[in-house]
Every structure is written in C-alpha cells, then in structure tokens.
Amino acid sequence: MTNPNLADAPPVVVSQPHELRDVIALARHAGKRIGLVPTMGALHAGHLSLADASAAECGLTVVTIFVNPTQFGAGEDFDRYPRTLERDLELLAGHGVDVVFAPSRESIYRPGHATRVEVDRVSAEFEGRCRPGHFSGVATIVLKLLQLAAPDVAYFGQKDFQQCAVIRRMVEDLDVPGVVHMLPTVREPDGLAMSSRNAYLSPAERQQALGVIEALRSAAAMVAAGERAAEPIIRTMRERLRAAGLGPIDYAALVEPRELGPIQTVTGPTLALIATHAGLTRLIDNLLFGLHGEELDSAAIL
Ligand code: PAF
C-alpha cells in the first residue's frame, strides 16, 4: 500500500557501483541510517512491504534490482524471468525509496570475476539440494550488495526463509556489519504467497497453487489439534498438495527454524516448508507456527 506520509518523489536510479557508493557516502556523511532491499525486480506487494519497513526505520532506502545470473541453474528461468524496470519504478513511488540500484551484469560481474561465497550446512537441504549452486549465487551477490551499500539493515522476505537463514549465517560468519531483518510473507487475499513467478501461472494453475498454503495450514491445524509426530503431518501436507493437482513435490518438511534441521516431533516453534510445481512453475512457501498451531512472527523467535 502506498504510504501517504512519504513524498512521492521518484527514486534516483543509478547503474554503476561507484555511483551507488557515492550516494551512500553522502547519506552517511549526513548521519543517515542506510536500509537495503535487494530484489530481482518484477516487484509486488511483498517487496513494497520491505521498502516501507526500510523507509520507516532508515534515513536512506536503497532498492536493488538485478536478475542475478549466478543463482540460476542450467534450464531454470533466467532468460524468461520478468524484467519490468519501468513498472517497478512506478510501483516504488510513494514508498520512501531514495535510490534504485539497477546495474548491468557486466558492472557487477566484471571481467576476471572468480569469487563465489559458499555457506555450508544451512544451505545443504531443501532449495540447496533442489537447485545446486543456487545459494552460492545468492550469497555471492548479496555479499557484493552489502559491500557496496554497507547498510545498517538489509531486508528480506520470509517467503524465502532458507535464503534468509543462509544470508544471516554468512553475515555472522564473515563479520559483515549491519543486521538482516526478515519480514513476514505478503499473501494475496486467498492466501497465495506473493511471488514474481506467479506471473507464469495460468488461471487454472493459479487455482491449483492455493494447495500450497492449504497444505501448510493443514500442518498448523494438526499441531493445534494436538498432533506432535512429524510423519503424519508431512504425509497430510503431501496428500493436500496431490489433491490440489500439484507436483512433482520437491519437498514437504517440518524443521526447527534456526538451523532448519529436520524434526521427528513437534516440541516448539516449527517451520513447515514446501516446494512443488503447478505445471512448469515452481512454487515455494513456508509457515512458522507454535505448539498451538498459531502462526508466529519470525522476528519474535529468531
Ligand atoms: O530474493 C531475491 O530476490 C534474490 O534471491 C536476491 C536476494 C535479490 C539475490 O539476488
């Protein structure tokens, strides 16, 4: 939602790393707190909620728009990933964004680039197993953006829960200044998690996709009803996905939310994670809930 309290001035768009550094240096000199919202564009209300949070907490908000090639595997959707810069800039108006950094591939991965960041353990399962090299590409680009913008706070959405966990691990392990905030997933009124890839869904697939949040909510409902064993809960999630016509199922799992380790029994805050397909479109989503099946805010427990 557009924030009426924020000036409607369009953000300044910069495309060169040195230009970004210059704007940041000026803002720092003026004593401003810097907020960074890394995105791949094709913005939706989820991204805008991150921009709003940054604008509320920081004196300068930078949104980055870069479809990062190194986090896509062979045969994935890098070529057809939606690139909608003009529309993205329009959407950002009124959300307090000061700067949009929209670099070219060449200005980010300069000739001779040979470094990749690997984050072990937390990136091993789930998305890491299904998309080999994905988290290395994510960690590499996010570290580069954190180096360029040196933000006080970087904002990410809970929809990519494992991505947030990987980035937090990297920031801690490599002593990167600043903090990582994970904000709640923004959903359509019917529960579908907002995603740039929802644009790929046909009307029939869009309907099927609701099976993902239904499966996640069925897990929370079983816990609310007193079920503690992970196995029947996971079985039910898989049944719900199949009943909705979704598949193949890459994973449907219950984990503890800190290290994303698998659990046999629900004993505390639990994260249900799903990755599946509606037609050719891959869908991921997750739900964090407590022992009474109540939805939890990740910020409160992590
Ligand atoms: O979540 C995304 O859009 C991307 O993975 C990110 C964090 C912008 C890195 O390219």
Side-chain angles (χ1 to χ4, degrees), residues 15 17 20 35-51 53-54 61-73 76-85 87-88 91-92 97 99-109 113 115-119 122-123 126-128 130-149 151 153-171 174 176 178-186 193-200 273 275 281-286 298:
S15 61
L20 179 62
L36 180 73
V37 182
T39 82
M40 297 204 301
L43 301 182
H44 50 68
H47 297 113
L48 299 180
S49 76
L50 305 180
S54 174
T61 290
V62 180
V63 170
T64 71
I65 296 182
F66 179 60
V67 185
N68 173 38
T70 65
Q71 68 188 75
F72 289 79
E76 291 189 353
D77 57 344
F78 174 71
D79 287 334
R80 69 177 184 129
Y81 197 86
R83 287 156 172 89
T84 56
L85 183 60
R87 186 174 165 275
D88 291 346
L91 282 175
L92 289 173
V97 175
V99 182
V100 168
F101 178 52
S104 65
R105 178 180 185 149
E106 293 69 31
S107 64
I108 287 291
Y109 295 111
H113 180 98
T115 303
R116 280 183 80 100
V117 180
E118 292 286 349
V119 182
V122 70
S123 62
F126 309 117
E127 290 305 285
C130 298
R131 304 182 65 191
H134 169 67
F135 281 131
S136 170
V138 169
T140 304
I141 186 64
V142 171
L143 183 59
K144 283 170 73 67
L145 295 172
L146 292 173
Q147 299 277 38
L148 286 169
V153 191
Y155 297 84
F156 298 89
Q158 184 183 327
K159 168 153 185 302
D160 296 300
F161 196 105
Q162 189 180 14
Q163 168 172 278
C164 292
V166 168
I167 292 167
R168 279 205 165 129
R169 185 78 261 157
M170 173 186 76
V171 162
L174 298 183
V176 181
V179 293
V180 173
H181 280 184
M182 173 162 38
L183 297 189
T185 303
V186 176
M194 298 248 178
S195 164
S196 305
R197 289 186 169 101
N198 289 349
Y200 300 154
L273 290 165
T281 302
R282 191 162 182 276
L283 304 167
I284 67 169
D285 199 356
N286 63 78
S298 64

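If you're wondering where the values come from, they're calculated on a predicted model, not measured in any experiment. We count residues from 1, following the sequence as given. Order of listing sets the numbers, starting from 1, for every ligand and every atom in it. Values below: every heavy atom of this structure, side chains too, minus hydrogens, waters and symmetry copies.
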Protein contact to atom 9 (C) of ligand 1 [nearest heavy atom, distance to 0.1 Å] | Gln71 OE1, 3.3 Å

Nearest protein heavy atom with distance in Å, relative to atom 3 (O) of ligand 1 = Met40 CG, 3.6 Å

Residue Arg87 excluded, over 12 heavy atoms near CZ under 6.0 Å |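 No, because the 6.0 Å sphere around CZ of Arg87 holds 12 heavy atoms or fewer from other groups.
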
Measure up the Tyr81 and Tyr200 rings against each other and bin them: parallel (under 30°), tilted (30 to 60°), perpendicular (over 60°).
-> perpendicular

Element-labelled atoms of ligand 1 that are located less than 4.0 Å from some non-hydrogen atom of [X]:
X      : result
Pro38  : 8 (C)
Gln163 : 1 (O), 2 (C), 4 (C), 5 (O), 7 (C)
Ile141 : 9 (C), 10 (O)

Could Lys144 and Tyr109 be counted as a cation-pi pair, given that NZ or CZ must be under 6.0 Å from the ring centre and within 45° of the axis?
->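 Verdict for Tyr109: a cation-pi partner in Lys144.
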
Check each heavy atom of Thr39 against ligand 1 and say whether those closer than 4.0 Å belong to the side chain, the backbone, both or neither.
->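 Only the backbone of Thr39 comes within reach of ligand 1.
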
Does the pair Met40 and Gln71 meet the rule for a side-chain contact (heavy atoms from CB on, under 4.5 Å), with working shown?
-> CA-CA 11 Å; Met40 297 204 301; Gln71 68 188 75; 3.7 Å; yes

Between Arg116 and Thr140, does any side-chain donor sit less than 3.5 Å from a side-chain acceptor?
->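 No, no side-chain donor-acceptor contact under 3.5 Å.
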
